[in-house]
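In what follows, residues are counted from 1 in the order of the sequence shown.
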Amino acid sequence: MNILITAGGTTEKIDQVRAITNHSTGRLGKQIADAFSKNPKTIIDYVTTKNSVLPKPSATIHLHMIESTHDLLTTLETLLQTKTYDVIIHSMAVSDFTPSLSLSKEHFIESFGTNEVTETSFDNWLTQTKETDRNSAKKISSDTDQLVIVLEKTPKIISYLRNWQPTACIVGFKLLVDVSKEHLLSIAQQSLVKNQTDFILANDLTEISQEHHHGYLLAADGTVTEAFTKKEIADLIVANVQKIKEMIK
């Protein structure tokens, strides 16, 4: 069985020395890879980041290191358009936004001037300023008291997967913060339908710690199963994926 797993969290550069990232450690992705690799016939392409926890060394696990959401998109596009996978586990915490422009307060005031701020004027200013500042300072000076950062939305990686791999069993992940079970499962169901996945692992940040990880595995047929540790989640995903692959045979 050929499997693709993404794990860890992306990092988006502000300048050459600063970046925006998230708290994902990649521990759950590692646990999932370790569970699948117990079968010596399973080959895993494991896409992750340098600061993430890695799976146990194995000749059947091939690491692909990325940094940003753009890196992830190009790496997955290459892998998914040149190989065929039975299973895709997309557990990586992907940044929703990436810095489009970073400048000091003084530079911001100077470049924007006294113009009235409208959607059109802001878009025009952003385009012109990005062009002017392209390849400028590699590090924004720390002399300023305020730093102005414009963030732009990143592509939703999960939305590409079904188109690139029409027959793969796809497992997506949805993380919310301090919501009810009903709301969490409702949002997970919407993601499952929208992105045409076979499963979504829904979890709440307030129920995740070093040892404890409460999650719900939602299947396309509406079935919901529950787990309380990373190991239980990994075993649950492996069992359900194997069940689906057996049904397809």
Derivation and outcome, side-chain contact (heavy atoms from CB on, under 4.5 Å), residues Asp71 and Met65:
CA-CA 9 Å; Asp71 296 338; Met65 309 304 291; over 6 Å; no
Would you compute the distance between atom OG of Ser100 and atom CG of Leu151 and round it to the nearest 0.5 angstrom?
8.5 Å
Is any side-chain heavy atom of Leu80 closer than 4.5 Å to one of Tyr160?
no
Mark yes or no for whether Arg27, through its side chain, and Gln210, through its backbone, hold a donor-acceptor pair below 3.5 Å.
no
Regarding Thr10 and Glu67, is there a side-chain donor-to-acceptor distance under 3.5 Å anywhere?
no
Taking all atoms of both residues into account, what is the closest heavy-atom pair of Tyr46 and Gly29, and its distance?
OH-C, 3.2 Å
Parallel, tilted or perpendicular: rings of His214 and Phe228 (30°, 60°)
parallel
Inter- and intrachain pairs under salt bridge (Lys or Arg N to Asp or Glu O under 4.0 Å), touching residues 226-239, at least two apart:
Lys231-Asp235
Please tell me whether Leu63 and Val47 are part of a single hydrophobic cluster in this structure, the criterion being side-chain heavy atoms less than 4.5 Å apart.
no
In terms of heavy-atom contacts, Ser95 and Thr69 come closest through O-OG1, 3.7 Å
For a 4.5 angstrom cut-off between non-hydrogen side-chain atoms, does Lys83 reach Asn2?
no
Minimum-distance pair of heavy atoms, taken over all atoms of Ala35 and Val238:
CB-CG2, 3.7 Å
Are Leu4 and Val171 co-members of a hydrophobic cluster defined by side-chain heavy atoms under 4.5 Å apart?
no
Decide yes or no on side-chain contact (heavy atoms from CB on, under 4.5 Å) for Gln81 and Glu77, but give the supporting numbers first.
CA-CA 6 Å; Gln81 293 190 343; Glu77 183 174 18; 3.7 Å; yes
Could you identify which residues cluster with Leu175, counting Ile, Leu, Val, Met, Phe, Trp and Tyr as linked when any side-chain heavy atoms lie under 4.5 Å apart, either directly or through a chain of such contacts?
Val177, Leu205, Ile208
Can you tell if the side chain of Leu218 reaches within under 4.5 Å of the side chain of Leu192, non-hydrogen atoms only?
yes
Which pair of heavy atoms, one from Ser52 and one from Gly8, lies closest together, and at what distance?
OG-CA, 3.2 Å
Report, as yes or no, whether the 6.0 Å neighbourhood of atom CD on Glu211 holds more than 12 heavy atoms from other residues, nucleotides or ligands.
no
Return the NE2 to CD1 distance between His90 and Ile200, rounded to the nearest 0.5 Å.
9.5 Å
Begin from the C-alpha positions of Thr144 and Glu106 and carry the test side chain to side chain donor-acceptor pair (under 3.5 Å) through to its verdict.
CA-CA 7 Å; Thr144 183; Glu106 294 78 13; 2.9 Å; yes
For a side chain to side chain donor-acceptor pair (under 3.5 Å) check, start with the C-alpha distance between Thr229 and His213, then their side-chain angles and the critical distance, and finish with the verdict.
CA-CA 4 Å; Thr229 67; His213 194 139; over 6 Å; no
Indicate, with yes or no, if Leu217 and Ile3 share a hydrophobic cluster defined by side-chain heavy-atom contacts under 4.5 Å among Ile, Leu, Val, Met, Phe, Trp and Tyr.
yes
With heavy-atom distances below 4.5 Å as the criterion, would you say the side chains of Ile149 and Ile14 are in contact?
yes
Met1 and Val87, any side-chain heavy atoms less than 4.5 Å apart:
yes
Could you tell me the separation between the CG atom of Leu147 and the CG atom of Asp15, rounded to the nearest 0.5 Å?
8.0 Å
Would Glu12 and Thr21 count as a side-chain contact (heavy atoms from CB on, under 4.5 Å) if you check the C-alpha gap in whole Å, the side-chain angles of each, and the deciding distance to 0.1 Å?
CA-CA 6 Å; Glu12 309 298 324; Thr21 187; over 6 Å; no
Following the transitive rule for hydrophobic clusters with a side-chain heavy-atom cut-off under 4.5 Å over Ile, Leu, Val, Met, Phe, Trp and Tyr, establish whether Leu236 and Ile44 coincide in one cluster.
yes
Do Leu161 and Asn163 have side chains that get closer than 4.5 Å, going by heavy atoms?
no
Any Ile170 side-chain heavy atom under 4.5 Å of Phe199 side chain
no
First locate atom CG of Leu73, then atom NZ of Lys156, and finally report the distance between them rounded to the nearest 0.5 Å.
13.0 Å
Side chains of Thr120 and Thr118: do they bring a donor and an acceptor to under 3.5 Å?
no
Inspect the contact between Asp34 and Lys30 and indicate whether a charged nitrogen and a carboxylate oxygen are less than 4.0 angstrom apart.
yes
Regarding Lys153 and Asp96, does a basic nitrogen lie under 4.0 Å from an acidic carboxylate oxygen?
no
Going by heavy atoms in the side chains, are Thr11 and Thr49 under 4.5 Å from each other?
no
Let me confirm one number: the CD1-CZ distance from Ile237 to Phe173, rounded to the nearest 0.5 Å.
4.0 Å
On a heavy-atom basis, the closest approach of Ala168 and Arg162 is O-NH1, 2.7 Å
Taking all non-hydrogen atoms of both residues into account, name the closest pair between Ala188 and Ala202 and its distance.
CB-CB, 3.8 Å
Cut-off 3.5 Å, side chains only: do Thr78 and Thr75 have a donor facing an acceptor?
no
Within the supplied structure, the quantity of interest is the number of heavy atoms (other residues, nucleotides, ligands) at a distance under 6.0 Å from His212 NE2; does it exceed 12?
yes
Donor-acceptor pair between Asp221 and Thr223 side chains, under 3.5 angstrom
yes
Verify, without hydrogens or angle tests, whether Thr127 (side chain) and Asp123 (backbone) share a donor-acceptor contact under 3.5 angstrom.
yes
Before giving the answer on side-chain contact (heavy atoms from CB on, under 4.5 Å), spell out for Leu54 and Thr48 the whole-Å C-alpha distance, their side-chain angles and the decisive distance to 0.1 Å.
CA-CA 8 Å; Leu54 298 178; Thr48 189; 3.7 Å; yes
Test: Lys174 and Asp204 ion pair at under 4.0 Å:
no
Could you see if Ile89 belongs to whatever hydrophobic cluster contains Ile61? Use Ile, Leu, Val, Met, Phe, Trp, Tyr and a side-chain cutoff under 4.5 Å.
yes
His70 NE2: over 12 foreign heavy atoms closer than 6.0 Å
no
Going by the side-chain contact (heavy atoms from CB on, under 4.5 Å) test, name the single residue among Ile5, Asn22, Ile66 that passes it with Met92.
Ile66
For the residue pair Glu152 / Thr98, report whether a side-chain donor-acceptor contact shorter than 3.5 Å exists.
no
